[in-house]
Amino acid sequence: MKKLFLIIGAPGSGKTTDAELIAKRNPDTIVHYSTGDLLRAEVASGSELGKKIKSYIDNGNLVPLEIVINTIKSAIEKADKNIILIDGFPRSVEQMIALNEMLKTSKDIDLVAVIEVEVSEEIARDRVLGRARGADDNVEVFNNRMKVFLGPINDIEKFYSKQKKVNKINGERTVEEIVDEMEKIIKEKI
Ligand code: AMP
């Protein structure tokens, strides 16, 4: 049985960095996928699908449901470790429902927990504008990404709280402190 952990948080919360470090600390047991990185890899491949994805990323909008679900499905299928961390998913109620349906029909994957990395909007903005990763790291796109993040977050929290799966952690500390706490949560649950 593969054990799935979802790492969510605002743009700039550090969710990808944190999850990446946990996988690096546990190379034999944990694999990590960042939804944003998987989508950017498709853009970098130069495919027609990548061109379509780019238009959404560049504006800070959500890539359409079917593309994201296919991306998540193939990440889970190719995972060669039993503990899978996926960050940046779900980012909408429809993604959450699609995942829930997928989990109902799949016998070998168990959603263990959803870890939310919390940061204030100011810290998120400073981090994103300071890192200049690409076309989506400017103030207008940041504001839209924040709006897109905040829209469904209460519904997502409520849904997973009912399943007692939500774990919130304070993302305004050093990376080491955050990663230590996240790793502890994961290890307590496996
Ligand atoms: P991130 O690297 O997590 O900040 O994501 C960068 C961009 O990739 C987002 O602004 C979206 O355009 C796209 N993206 C990442 N995750 C998702 C998702 N779960 N659903 C739709 N689009 C996504």
Side-chain angles (χ1 to χ4, degrees), residues 1-39 68-69 71-121 123-124 127-128 131 146 149-190:
M1 180 77 111
K2 284 176 174 169
K3 294 185 181 298
L4 178 64
F5 289 83
L6 302 173
I7 321 292
I8 61 172
S13 61
K15 59 191 184 298
T16 301
T17 307
D18 305 331
E20 188 68 55
L21 281 168
I22 292 174
K24 277 207 183 113
R25 285 184 183 183
N26 301 274
D28 299 329
T29 48
I30 303 184
V31 62
H32 160 244
Y33 299 103
S34 150
T35 314
D37 284 351
L38 291 170
L39 294 169
V68 176
I69 293 299
T71 304
I72 296 298
K73 267 191 189 155
S74 52
I76 293 174
E77 275 162 20
K78 77 176 173 220
D80 54 357
K81 312 275 154 46
N82 274 344
I83 302 163
I84 307 171
L85 314 185
I86 294 182
D87 82 69
F89 179 88
R91 264 173 148 120
S92 67
V93 169
E94 61 172 10
Q95 289 180 11
M96 182 175 77
I97 289 167
L99 173 71
N100 204 45
E101 292 306 312
M102 199 166 111
L103 293 169
K104 274 188 206 160
T105 56
S106 151
K107 284 184 209 75
D108 57 8
I109 179 114
D110 178 31
L111 173 62
V112 181
V114 177
I115 302 176
E116 183 177 347
V117 185
E118 292 190 302
V119 291
S120 69
E121 197 165 330
I123 290 204
R127 286 186 187 165
V128 168
R131 80 186 169 194
M146 201 61 176
F149 167 75
L150 291 172
I153 192 65
N154 287 338
D155 288 340
I156 293 175
E157 283 179 8
K158 255 191 226 148
F159 182 85
Y160 290 121
S161 293
K162 276 195 194 137
Q163 303 181 5
K164 305 215 178 326
K165 286 187 177 157
V166 178
N167 297 259
K168 293 189 183 190
I169 64 176
N170 170 6
E172 298 187 354
R173 297 170 291 166
T174 66
V175 173
E176 204 189 355
E177 285 170 312
I178 299 163
V179 168
D180 283 348
E181 185 180 354
M182 201 185 271
E183 191 177 16
K184 193 163 159 258
I185 292 172
I186 292 168
K187 294 204 162 160
E188 275 169 4
K189 293 181 188 295
I190 54 175

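It should be emphasised that the depicted structure is a prediction, and the values quoted were computed from it without experimental measurement.
Note that the CG atom of N170 and the OG atom of S13 stand 11.5 Å from one another [nearest 0.5 Å]. Atom NZ of K165 sits about 9.5 Å away from atom CG of L6, to the nearest 0.5 Å. Rounding to the nearest 0.5 Å places CG of L99 at 8.5 Å from CZ of F159. Taken from CD1 in I156 to CD1 in I8, the straight-line distance is 5.5 Å, to the nearest 0.5 Å. In this structure, CE on M102 lies 10.0 Å from CG on L111, to the nearest 0.5 angstrom. Remark: I7 CD1 to K15 NZ distance equals 10.5 Å, nearest 0.5 Å.
Remark: the backbone N or O of I178 is not paired with any side-chain donor or acceptor of R173 at under 3.5 angstrom.
Taking the side chain as every heavy atom from C-beta outward, E118 and E116 approach each other to under 4.5 Å. Annotation: side chain of I22 is not in contact with side chain of F5 (no heavy-atom distance under 4.5 Å). Side-chain contact check for F89 versus Q95: some heavy-atom pair is nearer than 4.5 Å. The closest side-chain heavy-atom distance from E177 to T174 is below 4.5 Å. Residues K3 and V112 meet the side-chain proximity criterion, which asks for heavy atoms closer than 4.5 Å. S120 has its side chain within reach of E172: a pair of non-hydrogen atoms, C-beta onward, lies under 4.5 Å apart. Proximity of N82 to T29: side-chain heavy atoms (C-beta onward) are nowhere separated by under 4.5 Å. With a 4.5 Å cut-off on side-chain heavy atoms, I169 and E181 count as touching.
Environment of NZ in K162: sparse, with no more than 12 heavy atoms of neighbouring residues, nucleotides or ligands closer than 6.0 Å. For E176, the CD atom sits in a loose shell: 12 or fewer heavy atoms of surrounding residues, nucleotides or ligands are nearer than 6.0 Å.
Scanning both residues, K2 and I84, for their nearest heavy atoms gives CD-CD1, 3.7 Å. Scanning all heavy atoms of the two residues, the minimum distance from Y160 to P90 falls at OH-CG, 3.9 Å. Of all heavy-atom pairs between M182 and I115, the closest is CG-CD1, 3.9 Å. The shortest non-hydrogen separation linking P152 to R91 is CG-O, 3.4 Å. Taking all atoms of both residues into account, the shortest heavy-atom contact from D87 to H32 is OD2-NE2, 2.7 Å. Listed here is the closest heavy atom pair of L38 and A75: CD1-CB, 4.0 Å.
A salt bridge does not link D110 to K189: none of the charged nitrogens lies less than 4.0 Å from a carboxylate oxygen. Ion pairing of E77 with K73 is absent here, as no side-chain N (NZ or NE/NH1/NH2) approaches a carboxylate O to less than 4.0 Å. Classification of E157 and K168 as a salt-bridged pair holds, one side-chain N sitting under 4.0 Å from a carboxylate O.
Partners of E101 according to the side chain to side chain donor-acceptor pair (under 3.5 Å) rule, which considers only residues two or more places apart in sequence or in another chain, are K104.
A donor-acceptor pair shorter than 3.5 Å can be found between the side chains of K187 and N26. For S34 and E20, the side-chain atoms include no donor-acceptor pair closer than 3.5 Å.
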Legend entry - Step-by-step salt bridge (charged side-chain N to carboxylate O under 4.0 Å, His left out) determination, D180 to R25: CA-CA 10 Å; D180 283 348; R25 285 184 183 183; 2.9 Å; yes
Inset, instruction - Given side chain to side chain contact (heavy atoms under 4.5 Å, CB included), test S74 with I76 step by step and report yes or no. - result: CA-CA 5 Å; S74 52; I76 293 174; over 6 Å; no
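Among D37, V31, T35, the one residue that satisfies the side chain to side chain contact (heavy atoms under 4.5 Å, CB included) test with Y33 is V31.
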